[in-house]
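Proteins come first, then strands; the chains are lettered A, B, ... in the order of their sequence lines, and each starts at number 1.
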Amino acid sequence: MARLNGPTVKALALELFDYKFSDDDAASVAHIVGAMANYSRRLHAIGLAGLQPPFGYATMRAEAARIRRNS
Amino acid sequence: MANQAELLSFDVATLGEKIRTREISPVEVTDAYLERIDEFRERLLAYITVNREDARTAARNAEAELMAGDWRGPFHGVPIALKDLCYTRGVLTTGGSKILADFVPDFDCTVWARLREAGAVLLGKLNLHEFASGATNTNPHWGTCRNPYNLERIPGGSSGGSGAAIASRTAAATIGTDTGGSIRIPAAFCGCVGMKPTWSRVSRYGVLPLADSLDHTGPITRTVRDAALMLQVIAGHDPHDSTSSTEPVPDYAANLNGDLTGVRIGIIAELLTGLSDEVALSFNAALRELRILGAAVEEVKIANIGTCSTIATNIMFAEAAEYHEQWMRTRAHEYGHDVRRMLEAGMITPAVYYVRAQRSRAAILAETLKALERFTVLVAPTAAIPAPRIDVGGRALLDSGAPVDMVASVLRFTAPFNVTGQPSLALPTGLSPNGLPLSMQIIGKPFDEATVFKVADAYERARGSIPEPKL
């Protein structure tokens with residue numbers, strides 16, 4: 001599996017966000033996100049099959065109602 | 001007329017009653033707090049804005065209402081302060097940042113609106129880690145807030161100004177916010193009570209977000225009873241905040257009777273590792289006290305609690321990066337280095353890992369709720385260490401001089417209850433041999449703040465008072 005590195009971070013940030021990194025900053029972010037990715041890959045081990053994220057439809061409806069009240 | 005020291009010595013419960021009976025005037029107590037703020041403002045840097053003239057006006061209005069027989073409740077005429085994430089109409093609200101250094105909102109956050117309606121007097125806006133994005137409260141724009149117990153130590157963050165204001169008696173009660181520990185960490189390091197309520201218990205309308213799905217707003221106070229009284233005012237559904245809960249708000253102070261008969265307390269086994277000697281000693285002493293009070297206390301395992309730092313970090317980085325994206329495109333240079341680095345990491349955090357972290361939350365909540373089938377509440381230290389030192393570069397350091405691993409020493413203890421959204425209250429257990437506050441947290445079932453307050457209050461009564469800082 002390819003490792004996240006500074007040049008990759010620089011390219012992603014520029015392409016996706018028009019954001020320019022220095023070489024050193026990109027390397028630092030690559031290290032941080034690489035470590036997070038390693039841990040995140042292991043989250044499957046706690047048993048996530050079938051689990052829903054906490055994105056309830058009730059909140060979406062309530063937000064839409066709030067927007068309509070205020071418009 | 002009471003002298004300044006006496007006026008500042010009263011907790012909210014006592015102060016509110018003395019104001020109600022007209023033994024003390026809101027004007028004299030507000031003046032006492034404003035004098036105290038002036039005395040320590042430059043040394044502590046707890047305040048970004050002092051609301052001097054408006055506070056005096058509000059105090060006079062509160063006094064006039066009382067003289068006319070109109071009493072609004074325990075916060076009538078009581079001087080409080082708000083973390084500077086909380087919108088206050090006509091009063092500077094900086095987020096601890098340079099980007100919002102001149103921002104004055106045109107509406108109040110719901111939390112302040114409710115406290116104002118309850119008669120509270122706004123002393124000012126409190127220092128914080130920039131945009132709530134850290135736990136040390138070092139701040140390159142507004143100065144690094146200091147710990148009143150030792151000015152070379154951090155107050156903890158991100159609600160460091162709130163914790164420092166309580167410890168230094170420069171506010172009678174304060175509001176903080178907590179995304180990964182930011183109410184409980186300053187409460188722990190500054191010897192205060194900090195209540196992170198259940199997610200959605202308190203409106204987040206008009207409070208600058210760090211990560212919406214992890215953010216909580218809550219009280220930092222001197223006593224458990226004061227925290228209960230403050231939560232009573234601010235809790236409850238808000239039509240402006242679609243995520244705020246419609247769960248009924250009980251009387252949080254109703255069962256503060258010191259009785260722990262039948263209470264079963266579960267010590268989270270996974271959070272007993274890596275503790276400094278003084279934290280371990282103090283925590284064990286607190287457990288002994290809880291047993292003496294009649295609670296059954298034993299260990300419980302929550303097998304995957306160790307994943308919560310990863311879960312919280314993924315969510316926090318991604319949600320914060322989304323909120324700040326527009327500013328980061330054009331004003332990245334105006335952020336502090338550590339905040340900018342977090343936001344940059346959030347920009348690169350894959351959405352897949354963000355969603356996986358969100359899905360993981362129910363699994364962890366299921367584990368803690370399973371533990372709470374056998375126990376009334378859970379307990380753990382609030383942090384593995386007392387307040388660390390600050391170096392000239394703004395880094396937190398252990399006494400050995402090694403940098404503090406904030407994840408291992410702090411976030412690991414607090415973030416799990418942002419992930420699960422359960423109520424968690426931090427309160428002091430004592431002082432270390434070198435005079436620094438030590439703390440434990442009490443964790444309850446969702447929306448059962450009343451039981452958390454009950455257990456915490458009973459312990460607090462038995463523990464007795466904690467020495468104040470020698471400022």
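- The contact between A:Q52 and chain B is made entirely by backbone atoms, counting heavy-atom distances below 4.5 Å.
- For B:E325, the part lying near chain A is the side chain, with the backbone staying farther off; criterion is any non-hydrogen pair under 4.5 Å.
- Interface residue A:R69: only side-chain heavy atoms are found under 4.5 Å from chain B.
- For chain B, the nearby parts of A:L51 are the backbone and the side chain; heavy atoms of each come within less than 4.5 Å.
- With a 4.5 angstrom heavy-atom cutoff, A:A45 does not touch chain B via any of its atoms.
- Scanning all heavy atoms of the two residues, the minimum distance from B:E344 to A:Y19 falls at OE2-OH, 2.6 Å.
- With a 4.5 Å cut-off on non-hydrogen atoms, B:M328 touches chain A through its backbone and its side chain both.
- Within the 4.5 Å cutoff, the side chain of B:T313 has no heavy atoms near those of the A:Y39 side chain.
- For the options B:A363, B:S360, B:A366, heavy-atom pairs under 4.5 Å to chain A are most numerous at B:S360.
- Comment: B:R341 engages A:D25 in a salt bridge, judged by a side-chain N to carboxylate O separation of less than 4.0 angstrom.
- Looking only at side-chain heavy atoms (C-beta outward), B:T310 and A:M36 stay at 4.5 Å or farther from each other.
- Both the backbone and the side chain of A:V9 come within less than 4.5 Å of a heavy atom of chain B.
- Using a 4.5 Å heavy-atom threshold, the side chains of A:I46 and B:I364 count as touching.
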